[in-house]
Amino acid sequence: QVQLVESGGGLVQAGGSLRLSCAASGRSFSTYTMGWFRQAPGKEREFVAAVTWNGSNTGYKESVKGRFTISRDNAKNTGYLQMNNLKPEDTGVYYCAAAFLGRIGGTYDHWGQGTQVTVSS
């Protein structure tokens with residue numbers, strides 16, 4: 001089992017930046033593929049970005065490519081999502097998720113509690 005705690009959300013103006021963190025505890029974080037998902041009000045949760053357990057592959061939602069960067073520091077048991085040039089449509093609750101030796105597009109079975117990101121126009 002791995003437990004995930006997100007932080008770094010907040011209110012930012014359009015064009016601004018935020019860096020989300022996902023702190024993991026429990027089983028070895030380095031064996032988990034990590035993903036970021038978000039859910040806007042009234043919408044379903046959607047995939048944003050992911051990085052494989054060994055850092056060899058990353059994947060992004062098309063609309064965030066070139067603006068968001070996912071990374072991880074296995075020595076610190078922490079994952080990150082750097083978000084630049086934020087847009088109002090990026091607003092939502094952002095969740096960190098993990099899958100043991102998982103694929104980018106696979107099923108994630110460990111989830112954090114979420115952190116709110118609000119982008120004002």
Side-chain angles (χ1 to χ4, degrees):
Q1 285 280 23
V2 64
Q3 292 78 43
L4 306 170
V5 178
E6 303 95 335
S7 61
L11 173 64
V12 64
Q13 288 188 334
S17 297
L18 283 174
R19 188 195 197 199
L20 304 183
S21 297
C22 175
S25 61
R27 283 190 62 178
S28 177
F29 179 62
S30 63
T31 61
Y32 284 82
T33 288
M34 185 192 72
W36 286 94
F37 293 75
R38 68 188 181 192
Q39 186 167 21
K43 295 187 177 181
E44 292 188 354
R45 187 164 57 190
E46 63 179 5
F47 170 83
V48 175
V51 57
T52 51
W53 56 277
N54 58 1
S56 62
N57 283 322
T58 58
Y60 293 91
K61 178 180 174 61
E62 191 64 32
S63 64
V64 308
K65 286 182 180 179
R67 300 189 297 121
F68 291 11
T69 302
I70 190 169
S71 62
R72 63 190 299 156
D73 185 339
N74 287 342
K76 295 183 178 179
N77 287 341
T78 303
Y80 305 96
L81 185 67
Q82 177 68 44
M83 305 186 295
N84 298 328
N85 189 22
L86 282 160
K87 303 177 180 181
E89 52 264 41
D90 294 319
T91 294
V93 178
Y94 281 68
Y95 297 91
C96 175
F100 180 66
L101 298 179
R103 298 179 296 107
I104 294 289
T107 299
Y108 293 79
D109 47 11
H110 301 279
W111 294 84
Q113 83 289 349
T115 185
Q116 177 70 45
V117 171
T118 303
V119 184
S120 63
S121 57

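Just the heavy atoms: all of them, side chains too, but no hydrogens, waters or symmetry mates, feed the values below.
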What distance do T58 atom OG1 and R72 atom CZ have between them, rounded to the nearest 0.5 Å? 12.0 Å

All salt bridge (Lys or Arg N to Asp or Glu O under 4.0 Å) counterparts of K76, not counting sequence neighbours: none

Which pairs, with at least one residue in residues 53-95 and sequence neighbours excluded, count as a disulfide bond (SG atoms under 2.5 Å apart)? none

CG (L20) and CD (Q82) are apart, to the nearest 0.5 Å, by 9.0 Å

Would a 4.5 Å heavy-atom cut-off, applied to side chains only, mark T91 and R38 as touching? no

For S120, which residues count as a side chain to side chain donor-acceptor pair (under 3.5 Å) partner, sequence neighbours excluded? none

Under the ring-ring contact (aromatic ring centres under 6.0 Å, His included) rule, what pairs show up with a residue in residues 2-28, not counting sequence neighbours? none

Under the ring-ring contact (aromatic ring centres under 6.0 Å, His included) definition, can you give me all pairs with a residue in residues 51-84, not counting sequence neighbours? none

For the CG atom of N54 and the CG atom of N74, what is their distance to the nearest 0.5 Å? 9.0 Å

Here the pair of heavy atoms bringing F47 nearest to G59 is CZ-O, 3.6 Å

Check side chain to side chain donor-acceptor pair (under 3.5 Å) between T31 and all other residues, then give those that pass, not counting sequence neighbours. none

Partner residues of R45 under the salt bridge (Lys or Arg N to Asp or Glu O under 4.0 Å) criterion, sequence neighbours left out: none

Which atom names give the shortest non-hydrogen contact between G79 and W36, and what distance separates them? O-CZ2, 4.3 Å

Could you tell me which residues satisfy side chain to side chain donor-acceptor pair (under 3.5 Å) with S21, sequence neighbours excluded, listed by chain and number? none

The reported gap from CG in N85 to OG in S17 (rounded to nearest 0.5 angstrom) is 8.0 Å

Can you tell me how far apart CG (N77) and SG (C22) are? Round to the nearest 0.5 Å. 10.0 Å

ring-ring contact (aromatic ring centres under 6.0 Å, His included) partners of residues 81-102, not counting sequence neighbours, each pair once: Y32-F100

Are V117 and F37 linked, directly or through other ILVMFWY residues, by side chains that come within less than 4.5 angstrom of each other? no

Donor-acceptor pairs under 3.5 Å, side chain of residues 101-110 to any protein atom, not counting sequence neighbours: which ones?
from	atom 1	to	atom 2	distance (Å)
Y108	OH	I104	O	2.8
H110	ND1	Q1	OE1	3.1

Side chain to side chain donor-acceptor pair (under 3.5 Å) filter on Q39, not counting sequence neighbours, yields none

Validation row: L4, M34 side chains within 4.5 angstrom (heavy atoms): no

Beyond-backbone contact of D90 with M83, side-chain heavy atoms, under 4.5 angstrom: no

Using residues 6-13 as the side-chain source, report each donor-acceptor pair under 3.5 Å to any protein atom, sequence neighbours left out, with the distance given to one decimal.
from	atom 1	to	atom 2	distance (Å)
E6	OE1	Q113	N	3.0
E6	OE1	Q113	NE2	3.4
E6	OE1	G114	N	2.9
E6	OE2	C96	N	2.7
E6	OE2	G114	N	3.2

Residues S121 and A14: closest non-hydrogen pair is CA-CB, 4.4 Å

Closest heavy-atom pair, V93 versus Q116, reported as atoms and distance to 0.1 Å, is CG2-OE1, 3.3 Å

Which atom names give the shortest non-hydrogen contact between V2 and A98, and what distance separates them? CG1-CB, 4.1 Å

